[in-house]
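Order of listing sets the numbers, starting from 1, for every ligand and every atom in it.
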Amino acid sequence: MNVADSRTVETVLLDAGFHLTESLGEADVILVNTCAVRESAEERALGQLASLSRLKTETPTKIIGVLGCIPQEMKDELVRRLPFLDLVVGPDEYRQLPYLIEERLAAAPGQPAHVAARLNRHELYDDIVPHHTGGITAFVTITRGCDKFCSFCVVPYVRGRERSRPLTSIIAEVEQLVAKGAREVMLLGQNVDAYRWEGQSFADCLEAVAAVEGLQRVRFLTSHPQDIHLRIFEVMRENRKVCPYLHLPVQSGCDRILEQMNRGYTRERYLEIIESAREIAPDLALSTDIIVGFPSETEREFEETLDLARCVRFDSAFMFKYSERPHTKAAGMTDDVSETEKIRRLETLIALQKQISQKQNLAQIGRVDEVLIEGVSPKNALQWFGRTPDFRPVVFSQNGEVPGQVVRVKLGELSGFTFLGHLA
Ligand code: 5AD
Ligand code: SF4
């Protein structure tokens, strides 16, 4: 989501006459887009910002700004902790960036930061096509914000209310991306299943995007068990362009914790969704997000999460230890699982999931499937890198193909999680 937002910011600035540079030294303006979803992401961003203070001391006219969710979450603290900042701009204020920068360029150095961090429930950046430099895959935001208020999550507070983009503008954006060379789009939203526009649902959106000529593949991220509709799996089964891959965060395998998290489903309901989805779309690959060490989680409750991971056999999982986030309901609960215990649970879960992912991958060896070539392999200039429809990374020897082409490849041995393939 943040990568997609950064592309939107690039368009806003390019349209205003700015140019991009890869070099921090050469840049007149440095903008750092930040994430506040977990403490670790926040610390990393704050560390990176702090390291820019040297550049500011050397060249006081350089404008340094921080964008995204951290400005929204803690504007005043940010200005206090990093007094050299020029701009502090939240996720609904990017249209203003050219004016804010111009204003700052004209001002004498040393002024306190300009803070623009109001949420705007109407801001969809609908008319701004994110800057695309010709890659095979592109992100397309279809919803912004979130209304779910999971008790651990800061997103509703920093990204504001859930809103959907008009389907007409989504399609127009996809058409433009295809014209610029994209062959795959990833439809993005905190909860894509909540998509609603003039009576059209997310399944309708998927179908409409898949119908864009020249597009080879459609993916989407993230789904929510409360809003997911089984029709999307029918669309997947009937339409080869819609990739059989689902990222469905479960967060915990224990009903009591799910309730404390305000997730709105039970373990049984989650398992039912997976079962029905696999029945309708048997090729479906599954990934999830899991949090361990949520306040009051007992060892037995954590084991229910391990058990769920074993039952579902996710192809991959993003696993986190709970960290308290400001404004959230869980911040009012006692964070009583010790750090050592959180780390132990996280390591246990990661080790289990690693085994499961490896087994799931080993079962694919020998399979022949379509691979969309995304580009040259980062590790070997004579190989292509691409992915199967179910998102497995594959490298294979080049033989006159071009990026964007779909080829049939037999999956061979694994190096880590990447398959070495052979043209079939
Ligand atoms: N602590 C740990 N993990 C969190 N996530 C969101 N908020 C927190 C938090 N406070 C995780 C969830 C979510 C993913 C994007 O980040 O698993 O699905
Ligand atoms: Fe956060 Fe829950 Fe919304 Fe996901 S669904 S963004 S975890 S509040």
Side-chain angles (χ1 to χ4, degrees), residues 1-5 34-45 68-70 72-74 91 119 121 141-164 186 188-195 202 220-228 246-254 257-265 269-270 273 286-297 302 305 308-309 312 314 316-337 339 341-343 345-347 349-350 353:
M1 189 63 100
N2 264 14
V3 172
D5 274 8
T34 61
C35 173
V37 76
R38 290 175 299 276
E39 207 174 358
S40 52
E42 192 169 287
E43 277 163 9
R44 221 171 322 139
C69 294
I70 296 184
Q72 204 62 51
E73 179 207 342
M74 51 171 199
L119 288 174
R121 62 164 65 222
T141 301
I142 65 164
T143 71
R144 294 185 74 87
C146 183
D147 282 354
K148 281 285 174 279
F149 289 92
C150 301
S151 66
F152 52 81
C153 184
V154 77
V155 167
Y157 305 94
V158 292
R159 285 191 167 265
R161 297 285 62 75
E162 175 186 287
R163 58 256 191 213
S164 298
M186 170 86 86
L188 293 177
Q190 307 295 343
N191 170 9
V192 289
D193 306 289
Y195 182 84
F202 176 55
F220 53 94
L221 199 74
T222 296
S223 293
H224 195 299
Q226 229 185 94
D227 294 329
I228 197 162
L246 177 70
H247 181 66
L248 192 66
V250 64
Q251 313 295 5
S252 166
C254 162
I257 295 292
L258 286 171
E259 187 164 354
Q260 292 288 308
M261 287 176 161
N262 191 30
R263 288 289 291 177
Y265 54 87
R269 172 77 190 123
Y270 186 90
I273 297 170
L286 268 175
S287 69
T288 198
D289 289 346
I290 299 175
I291 299 176
V292 301
F294 184 81
S296 80
E297 183 190 66
F302 164 63
T305 298
L308 180 128
V312 177
F314 294 106
S316 64
F318 300 89
M319 297 157 282
F320 312 105
K321 59 186 168 66
Y322 170 76
S323 63
E324 192 175 298
R325 302 284 63 217
H327 317 294
T328 61
K329 191 153 174 244
M333 304 174 186
T334 315
D335 187 3
D336 54 359
V337 181
E339 187 62 17
E341 184 53 25
K342 281 181 190 163
I343 293 171
R345 288 182 194 174
L346 184 61
E347 284 173 351
L349 177 63
I350 290 174
Q353 182 53 46

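- Judged by distance alone, with hydrogens and angles left aside, the side-chain atoms of Glu42 form no donor-acceptor pair with the main-chain N or O of Arg325 at under 3.5 Å.
- Contact atoms of ligand 2 toward Phe152: 7 (S) (distance under 4.0 Å to a heavy atom of the residue).
- Residue-level contacts of ligand 1 at the 4.0 Å heavy-atom threshold are Val37, Arg38, Phe152, Gln251, Asp289, Ile291, Phe320, Lys321, Tyr322, Ser323, Arg325.
- Within the 4.5 Å cutoff, side-chain heavy atoms of Met261 are placed close to those of Phe152.
- Judged purely by distance below 3.5 Å, without hydrogens or angles, the side chains of Asp193 and Ser223 pair a donor atom with an acceptor atom.
- Around atom 3 (Fe) of ligand 2, protein atoms of type N, O or S found under 2.8 Å number 1.
- Note: Tyr265 and Tyr270 have tilted aromatic rings, judged against thresholds of 30 and 60 degrees for the angle between ring planes.
- Look at Arg263 and you'll find a heavy atom under 4.0 Å from some atom of ligand 2.
- Side-chain N or O atoms of Thr34 include one that pairs as donor or acceptor with a backbone N or O of Ile70 at under 3.5 Å.
- Using a 4.5 Å cut-off on side-chain heavy atoms (C-beta onward), Ile290 and Val250 make contact.
- A donor-acceptor pair under 3.5 Å is absent between the side-chain atoms of Ser151 and the main chain of Ala330, judged by distance alone.
- By the 4.5 Å heavy-atom criterion applied to side chains, Val337 and Tyr322 are not counted as neighbours.
- Under the 3.5 Å distance criterion, the side-chain polar atoms of Thr288 are matched with a main-chain donor or acceptor of Leu248.
- Asn191 and Asp227 get closest at one heavy-atom pair: ND2-OD2, 2.7 Å.
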